[in-house]
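Report on the following structure.
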Amino acid sequence: MNAVDLSVQIGRLKLKNPVMPASGCFGYGEEYAPYYDLSRLGAIVVKGTTADPCPGNPPVRLAETPAGLLNAIGLQNPGAVAAAAKINKLGALGIPVIVNVAGHSTEDYCRAVRILETESTASAYELNVSCPNVASGGMAFGTRPETTAALVKKVRALTDRTLIVKLSPNVTDIVAIARAAAEAGADALSLINTLLGMAIDIKTRRPVLANLTGGLSGPAVKPVALRMVWQVTSAVEVPVIGLGGISNADDAVEFMLAGATAVAIGTANFRNPYACPEVIDGIAGYLRHNGFASVTEIVGLAKKERPGGEHGAGKTDYCP
Amino acid sequence: MNAVDLSVQIGRLKLKNPVMPASGCFGYGEEYAPYYDLSRLGAIVVKGTTADPCPGNPPVRLAETPAGLLNAIGLQNPGAVAAAAKINKLGALGIPVIVNVAGHSTEDYCRAVRILETESTASAYELNVSCPNVASGGMAFGTRPETTAALVKKVRALTDRTLIVKLSPNVTDIVAIARAAAEAGADALSLINTLLGMAIDIKTRRPVLANLTGGLSGPAVKPVALRMVWQVTSAVEVPVIGLGGISNADDAVEFMLAGATAVAIGTANFRNPYACPEVIDGIAGYLRHNGFASVTEIVGLAKKERPGGEHGAGKTDYCP
Amino acid sequence: MPVGDYRIKEIRKVADGIFRLAFAGNMEAEPGQFLQVAVGRTHDPLLRRPLSIHDCVDGEVVLLFHPAGRGTNLLAEKKPGDSLNVLGPLGKGFPLPAGQTAVLVAGGIGIAPLFYLAKVLKGAGKEIVFLAGARDTGSLYIPPELPALAADLRFTTDDGSAGRRGLVTEELPAILDRIKGEVYACGPLPMLREVARIARNSGVPCHVSLEARMACGVGACQGCTVAAVAGDWQKYKRVCVEGPVFGSGEVIL
Amino acid sequence: MPVGDYRIKEIRKVADGIFRLAFAGNMEAEPGQFLQVAVGRTHDPLLRRPLSIHDCVDGEVVLLFHPAGRGTNLLAEKKPGDSLNVLGPLGKGFPLPAGQTAVLVAGGIGIAPLFYLAKVLKGAGKEIVFLAGARDTGSLYIPPELPALAADLRFTTDDGSAGRRGLVTEELPAILDRIKGEVYACGPLPMLREVARIARNSGVPCHVSLEARMACGVGACQGCTVAAVAGDWQKYKRVCVEGPVFGSGEVIL
Ligand SMILES: Cc1cc2nc3c(=O)[nH]c(=O)nc-3n(C[C@H](O)[C@H](O)[C@H](O)COP(=O)(O)OP(=O)(O)OC[C@H]3O[C@@H](n4cnc5c(N)ncnc54)[C@H](O)[C@@H]3O)c2cc1C
Ligand SMILES: Cc1cc2nc3c(=O)[nH]c(=O)nc-3n(C[C@H](O)[C@H](O)[C@H](O)COP(=O)(O)OP(=O)(O)OC[C@H]3O[C@@H](n4cnc5c(N)ncnc54)[C@H](O)[C@@H]3O)c2cc1C
Ligand SMILES: Cc1cc2nc3c(=O)[nH]c(=O)nc-3n(C[C@H](O)[C@H](O)[C@H](O)COP(=O)(O)O)c2cc1C
Ligand SMILES: Cc1cc2nc3c(=O)[nH]c(=O)nc-3n(C[C@H](O)[C@H](O)[C@H](O)COP(=O)(O)O)c2cc1C
Ligand code: FES
Ligand code: FES
């Protein structure tokens, strides 16, 4: 069994393997610690953290859909100060700890980052710019290139730690937003966050979620996520963390072939608490089986090997 | 067994029930005719038709995904003249025949409609404005309110037949586009078309589809479609035909409770050729079981019955 | 082992809308804890289903469930010999009563965890009053061992087709007046509310087992929350880890 | 009936990577036609899987399949007594040969439709040469009835572990030189290309059964196309209705 090199680089972070849990699907790590040694992970990404404590949305917060999950947790978290204590404990794992940061307004985001800069030993921030109820006229930061860029610049000025921007898929042109984030100083991009969705209970004749709408995740969204990873990695230079519907190593390999440098696993943890370590082992198995010495060799390979060599975002359907 | 009134009105079309097959999933009706009497349908929607014949994309054109289907047929169709002959034959069914119309450029669309106006007895047009390879700088008509409105106005001027505009879900703000289409003269809206997605074969390390990307349909997309139907019917007055992932009567009822006046069924036909008539019977059963006399009573009911009565598009996830 | 594949030994319908499923396995579980059961192996249905431990003896674990929707309907189609993938036991179970007597109130499928609780309480030498309610005689399931466990076992049906006619909670005030035992309840929310109210009036502690839609079952997703009474920022508690058993005063029912 | 639930009578592995599944049912099917088989009942896997009719007798229909991915792997787990939902028979089968002799060339699982074709040809009084190729002896499956049907039956394996060593197509030119029979082929695309080339050189008609990913199976989605030789706007033909059997000169292999 020949050794394969699984390490990848995301900004200043050197990851020993490209697999991490997705924000909001792994708490602050405590819950999955009984299942395996968390230091096996490439990195750990913790729950969306806001400057102030946040109680979250009222129940019902979850609805199952075909091969998918709708959630409307509403960012329940103890706030940046209390989160910092939990984050610092994770430092003992010896792997990069990435904090997902959220807020209502630019000031909210900045305040959270300032607190985490002084109080926490976090290795990196993942800016969650897909929050629609914000100061700038009700439009989400992450749905316009200008607002994305403005926020990223502000946060960039506050920290030398690795800055990842997590993009919303609920947009017409993901590439424009990715470019704006990269140009404004993001070291890396994460995509995708959840697709906005809804479910209605035909017995009560009311929306299932108290919040009415929720975020769709899980295998159902994988084709959309993969397409966006392909498009964005064809257009920007910064590394991309691919996620959305990954539930096994084959899915993870698909994302890396599409151009992702690393992958994150969210909803799959709920079905299978061992999803992350199984994906790590499975990627190594794929590389060995196919004669690759390093995982970086397969990043974007589906673009490179394609005959014709047209590396763009592809033509689209429904056109003669 | 008390009778229930299933009839609904879409523009000038009186449908005896709110169920129709979705464009591209039912050919020109011929293929499903052996399975049941097609005159049972509320209406029939035929394949996307272009002014000139169109050979479609090279294979591979299909990829199965979790609870979903990616397709890149590429509008294979015999062109408006030959299609008109097939459409006219369907007239014998005595139900409205809706022709899905597509094109590269404004002129393409208009030419197709002009041919169909003179050559066909079609009852209505469904403008497919989600084609991205168009004259106006590579942006799809359906991803910008202005281009959508301009096209709808041009076509509106050509016909008195019912004009339905079929919206693309691959946009940041579906409501803005829906408003633009309605204001430009659309009698009704259809939503959603497919979500842009992708699949990669990890054995060949190439995209599965020859076209690289494809349109995602099927149960996987249902939560996204339902959310958009809810949002659009909260904002515009024209009737909406809801579709995207409907596979049984419960799904259809969900869409109608969300605000759809009628529903269309695409991918589900492939698994179950009887999907359409089963949905018709199932809706009638639901109405009887719950004491409704007419299907119009449940249209948008999930908004009306909600305590608090806030009828907007709902707050969104990931916000404190 | 927290995730395992077990072999189904027996599965059968024991009453209208109630299935009993026994699988081979050894588990150490508290009464009130639950398992996250995978009903299939494909991506649909996606999530595991939470089901209470109904019995747990040497080499065998038993579930009792009502086919309520897609997932539990699929579960009801399993056959002996099929494998069942299970995560658990999970959650916080029922605490032992401080005193000698416990009053268990089961509504419908709520009997699932309360039977196992009765067994454990009996083993701990406690005296048990057991009230079981159901819609009608067809849907009333009394596990064969239960009569031997409960000093006082009473049934109620909505239509009077078995036991007393009426609601399971109607006799509770009189019983609590008499014995002041600690109350344990599982059943529909309106029943739990009523049980909690009666217990409060009688001044006895009351433990309720709650249901919520779950994704992870282990506390990671924060999807399964119930409104908490405690006044800090944390307005919600997770049913899967802080529960499913709560003191009726801890949560807003 | 075009869609039906059938009861599985027997399912077993008959060779490495080959399962034989027999279900109770009466169908009128031409050789070369296929069924759209639902492998599960939930939304995942979503689509039916196209499988050729391997045999069709009074009261029984037989499939022969290679577990190639998620869907066919799930199918391989079915048990006798399970129900199987099937749409079909579908598609255009093999035409009878104009002359007296037919040469059937099967590569791997390609034997599935060709066995049924051999039966029907034999019934029509035709003489059959049957060439069957496989990777090795373990994965070579020769239906027990086949030797009685074919006047001349030859096996080939890639590694020579059974029959002649080499490719199934290698003997074809000599055979066609001798008998000029009409050729029928099913197997991997490279094999079909080679068979078509040899038949063209020998000046005999050649019928190939093609595979394509399918959604509807009935001609409605236009997803299963193959490039056609004909020169009009219709560059593509649908494998599910214009095929799966094509004259080798009709399509671009
Ligand atoms: C800790 C716990 C223990 C439980 N123990 C048992 C038990 O021992 N026996 C038993 O029969 N049931 C039990 N339940 C309820 C059981 O989990 C649900 O009935 C089941 O998950 C429904 O799944 P489904 O796919 O059949 O229904 P779905 O199709 O998912 O839903 C059917 C209906 O059930 C409701 N529902 C869905 N999930 C839940 C849920 N987790 N809790 C309550 N309602 C839900 C939905 O609102 C819907 O109206 C328990 C629930 C919890 C949280
Ligand atoms: C008309 C027709 C008749 C067939 N008859 C038989 C038969 O008798 N026995 C048999 O074993 N197989 C037959 N096949 C092939 C069979 O349909 C596929 O192997 C099967 O659909 C794969 O499904 P899966 O879920 O197992 O694999 P997937 O996981 O969907 O795919 C596994 C691999 O198979 C390929 N594949 C997927 N679908 C098809 C397809 N429709 N055709 C060819 N390759 C595909 C994919 O590219 C992938 O590499 C036939 C196909 C057609 C079109
Ligand atoms: C229950 C739940 C909570 C989530 N919370 C957050 C969050 O706090 N911040 C964030 O950026 N994304 C959050 N997400 C989105 C995930 O991180 C991920 O982007 C998405 O679920 C897609 O990946 P998946 O399909 O692997 O789950 C959450 C997702 C789920 C299911
Ligand atoms: C194979 C296939 C072909 C399609 N062709 C068209 C088309 O020609 N025009 C169009 O507007 N939509 C087309 N669609 C989209 C469907 O009409 C429908 O909007 C979409 O599939 C979502 O519905 P569903 O989930 O019920 O399939 C096609 C979809 C599929 C699966
Ligand atoms: S189900 Fe995930 S926190 Fe309880
Ligand atoms: S599979 Fe739909 S046209 Fe052939």
Side-chain angles (χ1 to χ4, degrees), chain A residues 48 50 52 54 65-68 70-75 102 104 128 130-133 143 170-172 194-200 202 205-207 211-216 219-224 226-227 230 245 250 253-254 257-258 286 301-302 305-306 313-320, chain B residues 48 50 52 54 65-68 70-75 102 104 128 130-133 143 170-172 194-200 202 205-207 211-216 219-224 226-227 230 245 250 253-254 257-258 286 301-302 305-306 313-320:
Chain A
T50 47
D52 300 316
C54 171
T65 68
L70 281 170
N71 89 80
I73 308 300
L75 278 179
H104 284 289
N128 177 353
S130 46
C131 172
N133 296 332
T143 55
N170 301 296
V171 297
T172 309
T194 52
L195 283 165
L196 203 55
M198 190 169 194
I200 289 175
I202 67 164
R205 292 190 276 278
R206 285 179 172 73
N211 189 53
L212 306 186
T213 57
L216 182 66
V221 309
K222 198 185 76 169
V224 175
L226 199 69
R227 181 262 298 180
W230 173 284
D250 287 2
V253 168
E254 258 193 275
L257 291 170
Y286 178 87
L301 201 55
E305 287 198 353
R306 195 153 45 76
K315 290 182 294 154
T316 338
D317 199 11
Y318 305 145
C319 263
Chain B
T50 48
D52 301 315
C54 170
T65 69
L70 281 171
N71 88 80
I73 308 300
L75 281 180
H104 283 289
N128 178 352
S130 45
C131 173
N133 297 334
T143 55
N170 302 295
V171 297
T172 309
T194 53
L195 283 165
L196 202 54
M198 189 169 193
I200 290 173
I202 66 165
R205 291 191 275 281
R206 284 178 173 76
N211 190 53
L212 307 188
T213 57
L216 183 66
V221 309
K222 196 185 78 170
V224 175
L226 200 68
R227 181 263 296 182
W230 173 283
D250 287 2
V253 168
E254 258 192 273
L257 291 169
Y286 178 89
L301 202 56
E305 289 199 352
R306 197 152 44 77
K315 292 181 292 151
T316 339
D317 197 14
Y318 305 142
C319 265

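By convention in this document, chain letters (A, B, ...) are assigned in the order of the sequence lines, proteins followed by strands, and residues within each chain are numbered from 1.
- Atom CD1 of A:I200 and atom NZ of B:K222 lie 9.5 Å apart (nearest 0.5 Å).
- Contact record, A:A302 with B:P207: O-CD, 3.8 Å, taken as the closest heavy-atom pair.
- Heavy atoms of A:I202 lying under 4.5 Å from chain B belong to its backbone as well as its side chain.
- Per-residue heavy-atom pair counts under 4.5 Å with chain A were compared for B:V221, B:V224, B:L70, B:V171, and the maximum is reached by B:V171.
- For A:A220 against B:L216, the heavy-atom pair with the smallest separation is O-CD2, 3.9 Å.
- Separating the CZ atom in A:R227 from the OG1 atom in B:T213 is a distance of 8.0 Å, to the nearest 0.5 Å.
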